[in-house]
S.K.: 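Once you've had a glance at the structure underneath, I'll fire off some questions.
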Amino acid sequence: MIAAVFLLYVIVEIAALVIVGNAIGVAWTVLLFLAGSLIGLILMRSQWRRVMDGFRKATRGEGSPSLAVADGALVAAGSALMFVPGLVTSVLGLLLLIPPTRWALRPLAVLLAGKRAAAFAAGGDAFAGTVGYAARMRGNGEVIDGEIIVETPETTEYVASNGKELVLEGEILDTDTPTRSRGPQY
């Protein structure tokens, strides 16, 4: 499969070079290739700054994390294509680095990433062992409010600051029910 994709890449790039070379000439084709690479390097630098700003805004809660990740993925793909030699890959890389094209492709990237994340999460439930464990990890379990009560031994004597025994008055409401929980019941 990889060999077939590589062979297709080589055929497409050679065909593009021949077609463009015949249309505008060899010298202009080489100049076009070099200009595309230079523009790509400039765009990579500026767009990676923009992506990092998007990540910072998302961490501060000012922007959408999914859009920041989608932009990052598209800029990464465009940058990778710029390093692959050839006119077709350079054009595709430039298209992914230009903000209007990324804006148009962003919903597709979010959709694809969402499907991958859902498949990953489904695999995570199976890997976790039991559904109950996975449900607790996601926060779908029951929440029980409570408080911690530190018990003192019954033989403890309470002494007031003046040295005399301290007497506490009160009423015991129910002695048969436990006053503390034994921990979470799963």
Side-chain angles (χ1 to χ4, degrees), residues 1-131 133-141:
M1 177 68 181
I2 294 174
V5 171
F6 181 73
L7 183 63
L8 179 66
Y9 155 73
V10 170
I11 292 170
V12 168
E13 288 294 346
I14 290 174
L17 281 172
V18 169
I19 291 169
V20 173
N22 283 335
I24 63 173
V26 176
W28 286 107
T29 303
V30 171
L31 187 63
L32 179 67
F33 181 73
L34 293 175
S37 297
L38 180 65
I39 292 170
L41 288 173
I42 293 168
L43 274 173
M44 275 192 282
R45 183 175 180 184
S46 67
Q47 295 311 303
W48 275 114
R49 283 184 183 153
R50 182 179 274 186
V51 165
M52 289 298 136
D53 288 342
F55 285 146
R56 284 186 202 101
K57 286 179 183 177
T59 56
R60 289 191 305 255
E62 298 171 1
S64 170
S66 62
L67 296 180
V69 170
D71 263 352
L74 291 171
V75 169
S79 298
L81 286 172
M82 288 305 300
F83 284 107
V84 177
L87 287 176
V88 176
T89 54
S90 293
V91 168
L92 291 175
L94 286 172
L95 286 174
L96 289 176
L97 289 172
I98 297 171
T101 310
R102 275 201 328 271
W103 179 80
L105 292 174
R106 194 179 301 147
L108 179 65
V110 170
L111 179 71
L112 291 174
K115 285 183 180 180
R116 299 274 304 187
F120 181 74
D125 282 350
F127 184 72
T130 63
V131 175
Y133 175 78
R136 284 194 309 277
M137 295 307 291
R138 284 193 306 266
N140 296 338

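Position 1 is the first residue of the sequence, and the numbers go up from there.
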S.K.: Does the side chain of M82 reach to within under 4.5 Å of the side chain of L41, using non-hydrogen atoms?
M.R.: no

S.K.: For residues 65-81, run the donor-acceptor check on the side chains, cut-off 3.5 Å, and write out each pair with its distance to 0.1 Å, sequence neighbours left out.
M.R.:
residue, atom, partner, partner atom, Å
S66, OG, S64, OG, 3.0
D71, OD1, R102, NE, 3.3
D71, OD1, R106, NE, 3.2
D71, OD1, R106, NH2, 3.3
D71, OD2, R106, NH2, 3.4
S79, OG, W48, NE1, 3.1
S79, OG, V75, O, 2.8

S.K.: Would you say CZ of R60 has more than 12 non-hydrogen atoms from neighbouring residues, nucleotides or ligands within 6.0 angstrom?
M.R.: yes

S.K.: Judged by atom type as modelled, is there a donor-acceptor pair below 3.5 Å linking the side chain of E13 to the main-chain atoms of L87?
M.R.: yes

S.K.: Would you tabulate the side-chain donor-acceptor contacts of residues 31-39 under 3.5 Å, counting partners in other chains and residues two or more places apart, or write 'none'?
M.R.:
residue, atom, partner, partner atom, Å
S37, OG, F33, O, 3.1

S.K.: About how many Å separate CD1 of I98 and CG of L94, when rounded to the nearest 0.5 Å?
M.R.: 6.0 Å

S.K.: Could you point out which residue of I14, L8, V10 forms a side-chain contact (heavy atoms from CB on, under 4.5 Å) with V12?
M.R.: L8

S.K.: Taking side chain as C-beta onward, heavy atoms only, is L96 less than 4.5 Å from L92?
M.R.: no

S.K.: Check salt bridge (Lys or Arg N to Asp or Glu O under 4.0 Å) between R49 and all other residues, then give those that pass, not counting sequence neighbours.
M.R.: none

S.K.: Taking atom CZ of F83 as the centre, does the number of heavy atoms from other residues, nucleotides or ligands within less than 6.0 Å exceed 12?
M.R.: no

S.K.: Is the closest basic N to carboxylate O distance between D53 and R56 below 4.0 Å?
M.R.: yes

S.K.: Working note: V51 + F55, criterion side chain to side chain contact (heavy atoms under 4.5 Å, CB included); need CA distance, chi angles, decisive distance, verdict.
M.R.: CA-CA 6 Å; V51 165; F55 285 146; 3.5 Å; yes

